[in-house]
Every structure is written in structure tokens, then in C-alpha cells.
There are 2 protein chains.
Amino acid sequence: MRLVRQQGFGGTSVDALCAAAGVTKGAFFHHFASKEALGVAAAAAWGAHAASLFDDAQYRRDPDPVARVLAYVDHRAALLEGAAWEFTCLAGTMVQELHESSPAIREACRASIFGHADSLAGDFHDAIADRGVVGVTGIGLARHVQAVLQGGFIMAKANGGPEAARDAVAHLRHYLVLIFGEENDHD
Amino acid sequence: MRLVRQQGFGGTSVDALCAAAGVTKGAFFHHFASKEALGVAAAAAWGAHAASLFDDAQYRRDPDPVARVLAYVDHRAALLEGAAWEFTCLAGTMVQELHESSPAIREACRASIFGHADSLAGDFHDAIADRGVVGVTGIGLARHVQAVLQGGFIMAKANGGPEAARDAVAHLRHYLVLIFGEENDHD
DNA sequence: CAAAGCATACCAACCAGTCGGTATGAGTCA
DNA sequence: TGACTCATACCGACTGGTTGGTATGCTTTG
């Protein structure tokens, strides 16, 4: 689904998709009722891909929850390399374009983005409880992390390189450190 | 340019644009060499619009620079009302869609977004100097503010309402308060 | 009159989606 | 075993409509 990430959903024709995937148009419409159905399936697949990337990563076994959330952010920062289509979020790209015209795709993208935030909320909740932080919630902080990442992607697209996104993530990390303090049992 | 904000650039045809503006296609192509030229002009106009909205707002005369930057964020939060197309950023929307396919529009959107950040950098610089904050720069912080806003817009589009964007801005304000402390001469 | 501003009709390219047809393989029965 | 049926997977030419853009001529203004 690289083409959609490069050119957008509307900018990618079904013909182009089929040519890139090496299938014919007949096969495409045999498997998907419409182009919109492909968008829904792509968003769902993206959510599953994200889950497989982050859900059982090594760093999630650190006993200190603050170390876990900082490691997650560092991991995200490390992925910011290459061209925009290589590190940006398919769900964020699609929902921006289609949130008004296709409720089905909007919902699939929402599920992907907020679902990923949900999967992080536990660690943030533990970190908040562990440090006795007040004024923020685990789910709220997890969603804010996603918002900053999405915003960083837009800055990177505007600027033509990943540096702008890395700056945003660096500020995000700074925010978390100000909230939680540095991690305990590292170094 | 409401149509572009609702449906995206590719999703809005020149015919629809002309109908909405009450002009004919002949007049359109008399004024713009191409649809892409319209996009460039729209991004530039958006930047000018933002400048007129924020550059000489009342709150920018507060003698405390920290009060100024917090007032800016509060002002942005207050604008998060209604449907997504009413409060989201035209430049952010367009650059996401066209950053690869149209370098001219990408550059115009970059100028709009980063130009607005530049116009805030002075206040952030003053706030940093005033409070003796280390580890962040005025321009870096101003750009981060834009990134969080853009990310909030995406979360709002995914969620179908402005609440998600307000949450992001609330965390952004929290970050600034942690960095600078509360403002001095307010209340 | 001459140029600029604008309107109308038009074009080739492209779009998502359709449709008649084929290939294949599993199940049935004599 | 082999002829028959049925369902699923797949093919690619085709269609009706839309796209950005153009060609031409009218109309207003200086």
C-alpha cells in the first residue's frame, strides 16, 4: 500500500493499485466490493501491523513503567528515517483526506489510531500510578503521544525530511520526562 | 476555499470550485495557470490569513512573555469549535495530500506553517530568556506548538469532533507550564 | 480600435465499476 | 475411471461519467 502513502487515496487509481500488486482489475473487484472497501481493509491491516510492531517489543518488559513509555518514544523516534512515505502513518494520511467523504474509512482509521493508543494506555497508567502524577490520565497521555506523532508527520511532509518529526518527538520526550522524571533502574 | 478543506484538494474539481465561487471555468483559467497554481495561491492566502488572525492580537501586548505564549495557546484552543473544516489548517491538509506530487504546493504550505511558527518564535524566545529555561529554543518550541496543533487536527478528524484536538492542546499547555511555570502578572 | 476580462463549447485522458466469459478444482454418480 | 455439475477465482475489454485544460469568440473598458 505504498502508493496510497505516497500519492494519497484519491490520487491512486484502482488501475495503478492493480498494476503495482500484479493483479488484474477483475481480481481486485472480486475481492473488494469497492475502492472504499479496500481503504477500510488497508486501515485495519495498518492497525494490525502497528500492533505487531509494538505490542510485544523487548522494551515493554522493563519493570519500570516510566522506562517503558520512554523506550516506546525512543523507538518511535528511531523509526523516523528515509522518505515520508516510509515512516508516516497510513491511517493518519487517509483519515485526513476522507474523514468527510467516507464514514467507513474514517471509522477504520479512528479504530487504528485510537486502538494503538489504547494498547499503550496501560503502561502510561502504570507510570502515572508509580510516580504519583496528578492531572493526567493514562489514556489521555497515550492519545496525546499519537497526536504529537501525527503532527510530526505533517511537519516532516511539509519540510521534506524527517528532522521536523524528530524535533516533535524530542519535545514529546521532554514533556514525559518533566511529568515523570527520569527512569529509575536504567544505567 | 471551504470546499478544499472539506474534501481535500484532489477531491475538489475545478468545476465545483467555480460553481461555489460563482465564476466560470474560463474566468478561473484566466486568473490561474493551472489548478496547482490555485493551490499555491490558496496556501499563501492561508498564511496571510493566519498572520492577520494572530500577529496583532490583544494578548500579544502582555508584558510577561510567558503570559503571551500561554494566551496564544488558549486562543488556539478557543478556536476549536464546530466541524473539522471550520478549525483545521488548510496548509496542513494540502501538504499531507500533495507533498510528493506537487513541490510548488508543498513549498507554499511549508512557508505558511513554518512562517507562522517564525512569527511566534520571538515570544517563545523571550519567555525562555525571562525564565532562564535551558534545553529548548524559541523557534524549536514554536514549531513544536504547530506540530501539536496539526496532530490535534488529525485526531479530531479521526474522532469526528474537536474534543480530541482540545485534549492535545491541553497537554501542550501543560508542557509549557511545566517548562515556564505559571505566568507572573495575571489574576 | 485594441486589449483585457470573461463565457461557452469542447476535448482527450482518466476514473471506478461492470459484465460476459474462462480456468480450475471439488463433489457426485454411473 | 471419466462425464457432469457447481462454485469460486479470475480475466480484461468496455462503459458512462468526470477530469483538468483549451479554443474561440463576445463584451466591456480605456
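Here is how names work: the chains are called A, B, and so on, in the same order as the sequence lines, proteins then strands, and each is numbered from 1.
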request  = List the atom of Leu141(A), the atom of Phe180(A), and the distance in Å for their closest heavy-atom pair.
outcome  = CD2-CZ, 3.8 Å

query = Phosphate oxygens OP1/OP2 of dC10(D): is one of them under 4.0 Å from a side-chain N or O of His31(A)?
reply = yes

message = With a 4.0 Å limit, can you tell me whether His30(B) has a side-chain N or O closer than that to the phosphate oxygens OP1/OP2 of dC6(C)?
response = no

ask   = Can you give one letter per nucleotide of nucleotides 14-30 of chain D, 5' to 3': B if a protein heavy atom sits under 4.0 Å from the base, S if only from the sugar-phosphate, - if neither?
value = -----SBBB--------

message = Whether the Tyr72(B) and Arg68(B) side chains hold a donor-acceptor pair (N or O, under 3.5 Å, no angle test) is what I'd like checked.
response = no

query = To the nearest 0.5 Å, how far apart are CG in Leu178(B) and NE2 in His171(B)?
reply = 11.0 Å

ask   = Quick one: Ile105(A) CD1 to dA16(C) P, roughly how many Å, whole number?
value = 12 Å

inquiry  = Let me confirm one number: the CD1-SG distance from Ile113(B) to Cys89(B), rounded to the nearest 0.5 Å.
reply    = 5.0 Å

request  = Please name the residue in the list Arg5(A), Gln6(A), Lys157(A) that meets the side chain to side chain donor-acceptor pair (under 3.5 Å) test with Thr93(A).
outcome  = Lys157(A)

